[in-house]
Amino acid sequence: MFNFSISWLIFWMKGRVEVDNQSVRSRIPRLLLWVFPYGLISKDIALSDIKSTSIKGKNQFFPLLLGLILIVLGALSVMNKGLAIGILAIIIGLILGIAGFKARLTIETATGRFNIDVPASQKEALFKIEREIQNRQKQPEPKIKENQVLEEL
């Protein structure tokens, strides 16, 4: 089981991906405007259906732009004797700007793609998930004889 933070702003809210011999299960909270949780994305993918996985960096334009605007407005406010509001705007702008840098794990199946986005600082968790998927695909699934289950009971 792999747990990872889903946002820079809400670092305590975690997503979870489980990889076993048969499937990849993910439970990732949804966020509205990078702040407000409003649901859960649940996806189960059979391990045999996965064609490929890839990890890429991703930059989101809107949080970067909004963060830059808040930093500029905060700097202008500090220069015009609005010190507290200016510093707050700069801090929020920095956090939003950093939130624009993401890492994405793409899982390609026969039916389409499934993406898992995490903050850039959590990229190592995506590499671990990808390695685990590849290791599980290489390992043959243990064969169970028809009467083996009855013998063990």
Side-chain angles (χ1 to χ4, degrees), residues 1-74 88-153:
M1 178 169 32
F2 302 95
N3 292 321
F4 49 87
S5 179
I6 59 166
S7 171
W8 288 89
L9 297 172
I10 306 178
F11 56 88
W12 60 88
M13 193 171 246
K14 304 288 185 184
R16 184 178 69 205
V17 174
E18 296 175 19
V19 181
D20 60 20
N21 289 332
Q22 297 174 347
S23 65
V24 176
R25 289 189 244 4
S26 66
R27 308 290 182 263
I28 303 169
R30 287 183 172 188
L31 294 177
L32 179 66
L33 298 175
W34 313 284
V35 178
F36 307 107
Y38 73 97
L40 187 72
I41 299 170
S42 296
K43 184 80 172 175
D44 293 340
I45 302 170
L47 204 58
S48 59
D49 290 345
I50 297 174
K51 291 183 176 180
S52 67
T53 58
S54 64
I55 297 175
K56 296 180 182 174
K58 177 186 172 194
N59 298 326
Q60 292 178 321
F61 179 71
F62 187 69
L64 290 172
L65 180 65
L66 186 60
L68 185 61
I69 290 170
L70 282 172
I71 289 170
V72 169
L73 290 175
L88 183 65
I90 290 172
I91 291 170
I92 292 172
L94 285 172
I95 292 171
L96 277 177
I98 291 171
F101 297 103
K102 299 256 183 193
R104 173 178 278 182
L105 171 64
T106 301
I107 300 174
E108 295 207 30
T109 64
T111 58
R113 289 183 182 165
F114 178 66
N115 297 319
I116 299 173
D117 290 338
V118 299
S121 65
Q122 298 286 313
K123 194 172 188 177
E124 186 60 35
L126 295 183
F127 282 120
K128 289 178 183 177
I129 294 167
E130 183 181 42
R131 274 193 301 265
E132 185 67 21
I133 289 171
Q134 291 170 350
N135 290 341
R136 296 287 177 136
Q137 284 180 322
K138 289 177 186 174
Q139 293 175 356
E141 191 171 323
K143 302 289 184 191
I144 298 176
K145 298 176 189 172
E146 291 178 18
N147 59 356
Q148 181 179 1
V149 175
L150 294 175
E151 289 172 1
E152 292 176 359
L153 293 176

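It should be emphasised that the depicted structure is a prediction, and the values quoted were computed from it without experimental measurement.
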Could you check whether any side-chain heavy atom of F4 comes within less than 4.5 Å of a side-chain heavy atom of I28, counting everything from C-beta outward? yes

Where is the tightest heavy-atom contact between P63 and Q60, given as atom of each residue plus distance? CD-O, 3.5 Å

In this structure, OG of S54 is separated from CD of E130 (nearest 0.5 Å) by 7.0 Å

Sub-4.5 Å side-chain heavy-atom contact between F114 and I50: no

If you define the side chain from C-beta out and look only at heavy atoms, does anything of L126 sit under 4.5 Å from I116? yes

Taking the side chain as every heavy atom from C-beta outward, state whether I107 and I133 have any atom pair closer than 4.5 Å. yes

Do N59 and F101 come close enough that some side-chain heavy atom pair is under 4.5 Å? yes

State the CG-OG1 distance between L47 and T109, to the nearest 0.5 angstrom. 12.0 Å

L68: partners by side chain to side chain contact (heavy atoms under 4.5 Å, CB included), with sequence neighbours left out: none

Please say whether more than 12 non-hydrogen atoms of neighbouring residues, nucleotides or ligands are located less than 6.0 Å from OH in Y38. yes

Verify whether one side chain among S5 and Q122 offers a donor that lies under 3.5 Å from an acceptor in the other. no

Among pairs that include at least one residue of residues 18-33, which meet salt bridge (charged side-chain N to carboxylate O under 4.0 Å, His left out), considering only residues two or more places apart or in two chains? R16-E18, D20-R25, R27-D44

Provide the closest heavy-atom pair for P29 versus G15 in the form atom of the first, atom of the second, distance. CD-CA, 3.9 Å

Kindly write out the residues that satisfy salt bridge (Lys or Arg N to Asp or Glu O under 4.0 Å) with K58, not counting sequence neighbours, or none if the list is empty. D117

If you take all heavy atoms of G74 and A89, which pair is closest and at what distance? CA-CB, 3.7 Å

Measure the OG-NZ distance between S26 and K43 for me, rounded to the nearest 0.5 Å. 8.0 Å

Residues pairing under salt bridge (charged side-chain N to carboxylate O under 4.0 Å, His left out) where one sits in residues 60-71, two or more places apart or in two chains, turn out to be none

If you measure from CZ on F127 to OG1 on T53, what distance do you get to the nearest 0.5 Å? 10.5 Å

Which residues share a salt bridge (Lys or Arg N to Asp or Glu O under 4.0 Å) with E132, sequence neighbours left out: R136

Pairs touching residues 118-129 that satisfy salt bridge (charged side-chain N to carboxylate O under 4.0 Å, His left out), sequence neighbours left out: E124-R131

CD1 (I98) and CG (L64) are apart, to the nearest 0.5 Å, by 10.0 Å

Kindly compute the distance separating CG (L96) from CD1 (I92), expressed to the nearest 0.5 Å. 7.5 Å

